[in-house]
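Below, chains carry the letters A, B, ... as their sequence lines are ordered, and counting in each starts from 1.
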Amino acid sequence: MDARRAGLTDIVGAAGVVDKPEMRNTFSLEHHLAAPLSPCFAVRPKNVNEVQQIVRWANETGTPLIPVSSGAPHFRGDTIPSVPEAVIVDLSSMKRILKIDRRNRLVLIEPGVIYGPLQQALREEGLRLISPLLPRKNKSVLAGLLEREPVMSPRYQWNLLEPLRSLEIVWGNGDVFFSGSGTFRGEEQADWDEGRVPLQGPGPGQLDYYKLVSAAQGSMGIVTWASVKCEVLPHAHKLFFVPSDRLEALIDFTYKLLKLRFGDELFIVNRTYLSYILPSSPTEIDVQREALPAWTVVVGISGGHMLADERIEAREEDIRDIAQQFGLKMVPALGSIAGSTLSDIIQQPSAQPYWKLRYKGGSQEIFFLTTLDKTPAFIDIVQATAQQEQYPAQDIGVYLQLVHQGVGCHCEFILPFDPHNPDDVKKTQALFYEASHALFRQGAYFSRPYGIWADMVYNADPKTTHVTQQMKDIFDPNRVMNPGKLCF
Amino acid sequence: MSLPKDIYRTLEDIVGTENISDDPAILDSYRYSLAHTAIHLGPFYDTCTPRGAAVLMPGSTEEVQAIVKLCNKHKIKFKASSTFWSAQGYPSEDGAIQLDMRRMDRILDIDEKNMFAVIEPGVIGATLQAEAMKVGLNTHLPGSGCSCSILAGATSYFGSGPSNLYGGWHYDNLLGLEWVMPTGDILRTGSLGAGCGWFCGEGPGPSMKGVARGFLGAKGAMGVFTKCAVKLFAWPGPATLPTEGTIPAYRVKLPDNFKAYTVAFPSWKAWADAAYMIWDTGIGYLAHRQFNMFGRELKHAMVKILTDPTKTLSDLETLLEDPEVQRITEESMRDFQIILVGMTQRDIEWQDKAFDEILARTGGWKVEAMLEPEIHDWSMLYLIRLGHKNLNLVFGGSYDGCFGLLGAADFGAAHAEEASEFKKEWEKHGAVVQAGGDCMMGPIGGQGGGGTCLWENFTCFDPHDKESVEGTLALFDAATAMGIDRGWGVGMEKWNAVARGPDGKTTPKEERDRMHKDTPQPSMFRYQHKVREALNPNDLGDAYYETLED
Amino acid sequence: MALEDFAAQADRCSQCSYCKWIPFDQVKSWRFAKNCPSIAYHNFNSYSARGRYAVTRSLLHGDSAYTDTVRDIAYTCLTCGACDVSCKVCRYNLDPLEMVRELKFRLVEDGQCLDEHLAVIRSLRSDQNTMQQPSSARGAWAEGLDVPLLPADKAEVLFHAGCRFSFDRSLHKTVRAAVTLLRGAGVDIGIMGDWEMCCAGRVYAMGYRDEFERMARANIAAWTRAGVKTVVTSCADGYHAFKRLYPELGSQIEVLHTVEYIARLIEQGRLAFRSEVPMTVTYHDPCHLGRQGEPYVPWDGVEKKIKGQIITYEPPKPRYNGAWGIYDPPREILRSIPGVELVEMERIREYSWCCGAGGGVREAYPEYSSWVASERIEEAKATGAEAMVSACPWCERNFMDAIDAKGETMQVYDIVDLVQRAIAGEA
Ligand SMILES: Cc1cc2nc3c(=O)[nH]c(=O)nc-3n(C[C@H](O)[C@H](O)[C@H](O)COP(=O)(O)OP(=O)(O)OC[C@H]3O[C@@H](n4cnc5c(N)ncnc54)[C@H](O)[C@@H]3O)c2cc1C
Ligand code: SF4
Ligand code: SF4
């Protein structure tokens, strides 16, 4: 132990090595399912050199490393060691915004950068980042992007990794690598002026490195900076609701908007989910959700660079017409909840406490990818399983976030539970387990396989598993990066 | 070099007698003339790619798998191609088996709601687009045009073109993928491998699609792609293109929500400003500097020829004397084409207004002559169907691009004029078409939503004429030297020179190693080497998959 | 020209494969996008114009030698010219159709012939027809028609029936009707009966250039002797031979296809339709009337480079790309027949799909020929038409045979059959 501490102290200094961090403080059910193992240290590197040295050291000493960029609480078990004697590489203090390039709409960020300060800095330059719905306040932007966390505006997602672009990666073997056009990292201002900028995500060459570190749960390497594509900060923005009693009634309408790429933010929530994301107390939630429509499409319209108001006006009228064609109504408010209120809420990270925990103190998620037309069937499965497991169905929040310009749909269920109530925990656990399997059998695609999902997906696809392991052997031959996760 | 009889017979059993041949004449129609647009190496006079040992036309994934397994057993190299328009689809060494994928040409599904198509290798852009349009959708087409395999562009090589801007380039659009790997095992990426359909190519976890293709593809050197899904996008136009006019001046009149403009700018800076504003504003369906491929000085005269069925290249000189043509040529020096498509009437009105505002802010203008109905409707059809891309080779039968400045709009704009001046000087030697130096073409928006451009300086020559071919090669060598000297990197004229040499065969290893070590990040080739070793242990591909040993 | 003269073209072929598809601007579906039957059926690149350029180069370089496969590559080309049209959407200095013809000429010169073709040639030599029938039976189709018999009788206009119409009994009615209605409209028309000779267009397309020239000169001489000013024919092959190939050998006679003449008569009000012909039809453009039906333009020039490396010709070379073929007259006729509803197939005019009968393919590769026809029949069926109408007996016969073989219900008419019905109220 001491030899390890000494080795790490040599690299990051004494202050950079933290004993017994709060890394175990997690609300995840999986934590209850998995045998909880504690890391032995957390180490806080300040730059890529230190990260590289840590990884080399880990290779020499055979120490498992778990990269973590976000603050607690951690949900999905990806940052809980699966093996003993692991060291957490805590990147949260690498939090510089290295560059904002308005012309090319790029921002270069380190892993510790979180949404609030980043959006603020971007706003000052007339930019914004399309972001996930209500990330935790201390959620690392880079980590969310690497996790392929869905974003609220599918129209800007040219591929599933957007808006992530070039990366600096320290592979598990200790090699520093620039993916995309990351070799143009713009150290000289002249490079930025001449357009030599890290704009590309793919490549370089014939491999797609950023895809190999995406959704890898830190098992391939550590990303030390990323360039991220930004959007123009809207001069004007409006948020509307298209409610319905039935999800099915909203689906074709949503497809139509997707096809036309109308709607900046575009997602569907059930009343429970909507009530959860509004900043309310548990009792308010109970009242509020009764007043909300069963299902709501949330549509944002913004006007950016040129003729913003005209754009908004044209879009608003078009979307209203389209809603009408589908026998729906687009409204600026749901009862007392104005679009602008929700807009203000979702343009920020979650207020504290984290919204997923507000209702009962704990929360379990189930999420996967599918296509929008298939979501009602999946919802039925979860509802039926809830009934079977005696979980209160009305507590299940459903969030349908279209991704990749509508080709796919992130289907998310939020299952709140009281972590101090063993019965609640047990029921939720059972629901989570049963529903996950039932969904999987019906074709839910667990593209980001955390926890028990990993075994499900990898067992079902031996070839993918094998090739993934072959890649692991190339980039992390000694398997020091977060061992025990995925199929490793 | 022919195959041993028993192996030939086994292959024959796999694909059927009518789908295999080792007749020398057939094999020679599967060789590529490198005195040509070889994409991007050479040109080399009187050189063809090596003769294959046999050509096979498999009809199913199972057949492909059986072939590949047999190749592994006997250590025979193989190379698959679908539409065979560039040298990278042809083997680099004697004795390889060539897979012509054209029989696998089905459109397996067009998922109208979720906006994607599932296709086999033989499906070309034109047929996919025609079928997609029937359900209000469209497909992105690589800049090589609608004659090319969509799967090839999506999986194996670049796949960038005019509709990147709105349609996303094929890199972005590739969804689920079925891959007969170099060992003969089958990998299905993303949701497909999980049995959940074609809609997603990524994951589970780290995305193995990233092994199948990167920024570029494996160029046929890493197994065979047998099916893939590609994302489509909205086509708010008629279900079939109402083409009219007399060949070759076909044209199409589309509803009012379609507008095709050629716009020009007072400076490269203004040109780039316009590009950035278009991207920031989020307008445009397709944007490309297309007709400039004929050359700054020839382009309008060429447009006149192409839009008049009674005219031929013999009319070029007369047209160039025409003061009106000269005026328009001057006016459209720094130009590009853009098509605005409104998803609704309000949308087109807004886009049109926003575009006018962009022109006002940048000092740009619409080239009026390109708005004459016959020319407008011709350019609309040309750009949407992209079915005239053999015009790249209209002058003498060959072209290749030099420089190929690829990056942010400011990058190319900063150097475009210098690269043009350089080429203009070389044009005086007579080996290549004299077109004004600036024959640069490329997308305004190298990826979905914009962001990058490409300046490929077209260089046209006569592949039958030794002096022309050799003069072109000299020009390209000089362009490469200049690019390196200026810090622009190796020009696109040499992008594939690392794979194939002047004899049409694999570039010697020492040479390749030298080139790879000279790059900003040689480790990318080392990783490719490791991936090659892991997935293609018998090394049955070729040097188009670029590797560097430790 | 010799095959060597195409060496430059073989090098300059841009390997784009446009010659395998209809002009892309016209593609309306996946199903009917192909244009070259030869590669559509055989699939190897070698069976396209692109591949044939490559094979030509290989032969010229001595890289490959004649084999059965090489013969197949050459002779499965229908010389339909679809490749030529598509190639010339972009190219002004390639002539793939001329090249594929030249390839056949070379094979024939080198004795690389097919037995099936040699049988035709023997028949041509002995009986001046391609049908292996006695020349004495040639005029039988006109029995009982009161029509001047040239050269004994005189007429301004010669109606040339052609081999297929003359010897295919079930088609006789069409040529009989053609002559009757032209005469009825006051045209001074005659026939040559047993003295008529093959146009030799078909043997030209098989690669027998010398035979063609021999027959062409004989025909030109016969016409001169008979003093005719105009030749009219209902056969697209004949039309093409007379209109496009004969002038090169000195013929200056006016050449018209029946459809041109009839359209002219309708326009002049000299033909009146009395009966309705209630029928939905689709029109098949014969290759030799449509894209290859453009008039001959004399040219004797050389290649000239401008602007360094742009290949042009001095004087400018005529461009045959199907732009000015005979497409509208047959359609005008059909539209003017009361009751006829014309619905178009996807591949029409210059980018029509071939019937499969040309280039010696019907004779030597019957199965493939029949497949080509059946592809067209599928396309016709997709329009909802009850009948396919054309203006060439070769197309019609090939369609009829394929329909019979497959037990299809599609009907096949020559356009004259419908005109006749509308005039006389009979089939
Ligand atoms: C004139 C011209 C212009 C071009 N312009 C552009 C352009 O603007 N943008 C652009 O992106 N590209 C361009 N290219 C290059 C281009 O990407 C390809 O040529 C084209 O898009 C693919 O068509 P192809 O006929 O060459 O494909 P193919 O010959 O089918 O193959 C292309 C590559 O993919 C491989 N491949 C094909 N099918 C399979 C398969 N089933 N499995 C495994 N490997 C396969 C081949 O081995 C080859 O390396 C151009 C090429 C030419 C000749
Ligand atoms: S003439 Fe017809 S059959 Fe021959 S190559 Fe051309 S298109 Fe094919
Ligand atoms: S013959 Fe014409 S169309 Fe065919 S490949 Fe050659 S250039 Fe292209």
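- A cation-pi contact, defined as under 6.0 Å to the ring centre and within 45° of the axis, links A/Arg261 to B/Tyr166.
- Both the backbone and the side chain of A/Leu199 come within less than 4.5 Å of a heavy atom of chain B.
- Chain A forms the most heavy-atom pairs under 4.5 Å with one residue out of B/Gln345, B/Gln351, B/Met277, B/Lys209, and that residue is B/Met277.
- Between B/Thr344 and A/Asp318, the side chains place a donor N or O and an acceptor N or O closer than 3.5 Å (distance only, hydrogens not considered).
- Of the residues considered (A/Gly201, A/Ser447, A/Gly408, A/Ser181), A/Ser447 shows the highest number of contacts with chain B, using heavy-atom pairs under 4.5 Å.
- Contacts between B/Met222 and chain A at a heavy-atom distance below 4.5 Å are absent for every atom of the residue.
- Of the listed residues (B/Gly210, B/Gly282, B/Pro204), the greatest number of heavy-atom pairs within a distance under 4.5 Å of chain A belongs to B/Pro204.
- Aromatic ring pairs are classed by plane angle as parallel below 30°, tilted from 30° to 60° and perpendicular above 60°; the pair A/Phe367 and A/Tyr450 is perpendicular.
- Interface remark: B/Phe158 contributes no atoms to any contact with chain A (heavy atom separation under 4.5 Å).
- In terms of non-hydrogen atom pairs under 4.5 Å with chain B, the most contact-rich of A/Phe177, A/Phe184, A/Tyr156, A/Phe475 is A/Phe177.
- Heavy-atom pairs under 4.5 Å with chain A were tallied for B/Cys196, B/Gly446, B/Gly203, B/Gly205; the largest tally goes to B/Gly205.
- Side-chain atoms of A/Gln405 do not come within 3.5 Å of backbone N or O of A/Pro154 as any donor-acceptor pair.
- No side-chain heavy atom of B/Leu187 sits less than 4.5 Å from a side-chain heavy atom of B/Leu177.
- Comment: B/Asp172 does not engage B/Lys231 in a salt bridge, judged by the lack of any side-chain N to carboxylate O separation of less than 4.0 angstrom.
- Counting heavy-atom pairs under 4.5 Å between each of A/Lys472, A/Glu310, A/Arg448, A/Gln200 and chain B puts A/Gln200 at the top.
- Heavy-atom distances place the side chain of B/Phe116, and not its backbone, under 4.5 Å from chain A.
- Aromatic ring orientation, A/Tyr209 versus B/Tyr527: perpendicular (interplanar angle above 60°, classes split at 30° and 60°).
- In terms of heavy-atom pairs under 4.5 Å with chain A, the best-connected choice from B/Gly193, B/Gly214, B/Gly190, B/Ala272 is B/Gly214.
- Note on ring orientation: taking the six-membered ring where Trp is involved, the planes of B/Trp455 and B/Trp271 are tilted (angle from 30° to 60°).
- Taking chain B as the reference chain and counting heavy-atom pairs below 4.5 Å, the highest number among A/Gly406, A/Cys409, A/Gly443 is found for A/Gly443.
- Interface residue A/Val467: backbone and side-chain heavy atoms are both found under 4.5 Å from chain B.
- Contact check on B/Glu418 versus B/Arg486 returns a salt bridge, with a Lys/Arg side-chain nitrogen under 4.0 Å from an Asp/Glu carboxylate oxygen.
- With a 4.5 angstrom heavy-atom cutoff, A/Arg103 touches chain B via backbone and side-chain atoms both.
- A donor atom on one side chain and an acceptor atom on the other are found under 3.5 Å apart for A/Tyr255 and B/Asn114.
- Summarising the local packing, CD of A/Gln189 is surrounded by more than 12 heavy atoms from other residues, nucleotides or ligands at distances under 6.0 Å.
- Here the closest non-hydrogen pair linking B/His170 and B/Ala154 is CB-CA, 3.5 Å.
- The parts of A/Leu307 that come within reach of chain B are both its backbone and its side chain, each placing non-hydrogen atoms under 4.5 angstrom from that chain.
- Contact of B/Leu175 with chain A is made through the side chain alone, with heavy-atom distances under 4.5 Å.
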- Where do A/Asn173 and A/Asp476 land on the side-chain contact (heavy atoms from CB on, under 4.5 Å) test, with the steps shown first? CA-CA 5 Å; A/Asn173 60 12; A/Asp476 179 24; over 6 Å; no
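- Contact annotation for A/Val197: only side-chain heavy atoms (C-beta onward) come within less than 4.5 Å of a heavy atom of chain B.
- Contact of B/Asp111 with chain A is not made at all, since no heavy-atom distance falls under 4.5 Å.
- Ranked by heavy-atom pairs under 4.5 Å with chain B, the list A/Gly203, A/Gly180, A/Gly205 is led by A/Gly205.
- Near-neighbour residues of residues 405-414 of chain B relative to chain A, defined by a heavy atom under 4.5 Å from a heavy atom of that chain, comprise B/Ala408, B/Asp410, B/Phe411.
- Between B/Glu202 and A/Arg148 there is no salt bridge, since no side-chain N of the basic residue sits under 4.0 Å from a carboxylate O of the acidic one.
- For A/Arg441, no part lies under 4.5 angstrom from a heavy atom of chain B.
- Heavy-atom neighbours of A/Lys256 NZ from other residues, nucleotides or ligands within 6.0 Å: at or below the threshold of 12.
- Residue B/Ala229: no heavy atom, backbone or side chain, is found under 4.5 Å from chain A.
- For A/Asp321, the part sitting under 4.5 Å from any heavy atom of chain B is the side chain, from C-beta outward, and nothing else.
- For A/Ala444, the part lying under 4.5 angstrom from a heavy atom of chain B is the backbone only.
- Between chain B and the options A/Gln217, A/Met220, A/Arg315, the largest number of non-hydrogen pairs under 4.5 Å is found for A/Arg315.
- Heavy atoms of A/Thr183 lying under 4.5 Å from chain B belong exclusively to its side chain.
- Using a 4.5 Å cut-off between heavy atoms, B/Arg361 touches chain A through its side chain atoms alone.
- Looking at B/Asn496 and B/Lys219, their side chains do bring a donor and an acceptor atom within 3.5 Å of each other.
- Ring-centre distance between A/Phe368 and A/Tyr445: not below the 6.0 Å cut-off.
- Neither the backbone nor the side chain of A/Asp473 comes within contact range of chain B, judged by heavy atoms closer than 4.5 Å.
- Both the backbone and the side chain of A/Glu194 come within contact range of chain B, with heavy atoms under 4.5 Å apart.
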- Stepwise, does the side-chain contact (heavy atoms from CB on, under 4.5 Å) test hold for A/Leu164 with A/Leu167? CA-CA 8 Å; A/Leu164 188 64; A/Leu167 307 177; 3.8 Å; yes
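- Within the 4.5 angstrom heavy-atom criterion, only side-chain atoms of B/Gln447, from C-beta onward, approach chain A.
- The only member of A/Glu231, A/Lys229, A/Gln157, A/Arg105 that meets side-chain contact (heavy atoms from CB on, under 4.5 Å) when paired with A/Pro163 is A/Lys229.
- Of the atoms belonging to A/Trp171, it is side-chain heavy atoms, and not backbone ones, that fall under 4.5 Å from chain B.
- For B/Phe233 and B/Tyr285, the ring centers sit closer than 6.0 Å to each other.
- Partners of A/Glu168 under the side chain to side chain contact (heavy atoms under 4.5 Å, CB included) rule, at least two apart in sequence or in another chain, are A/Val48, A/Val176, A/Phe178, A/Thr224, A/Trp225.
- Using a 4.5 Å cut-off between heavy atoms, B/Trp169 touches chain A through its side chain atoms alone.
- Highest contact tally toward chain A, considering only B/Gly450, B/Ser523, B/Ala194, B/Gly487, is held by B/Ser523 [criterion: heavy-atom pairs under 4.5 Å].
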- Chi angles and distances behind the side chain to side chain donor-acceptor pair (under 3.5 Å) call for A/Glu162, A/His404: CA-CA 8 Å; A/Glu162 285 275 87; A/His404 196 180; over 6 Å; no
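- Neither the backbone nor the side chain of A/Asp101 comes within contact range of chain B; no heavy atoms are under 4.5 Å apart.
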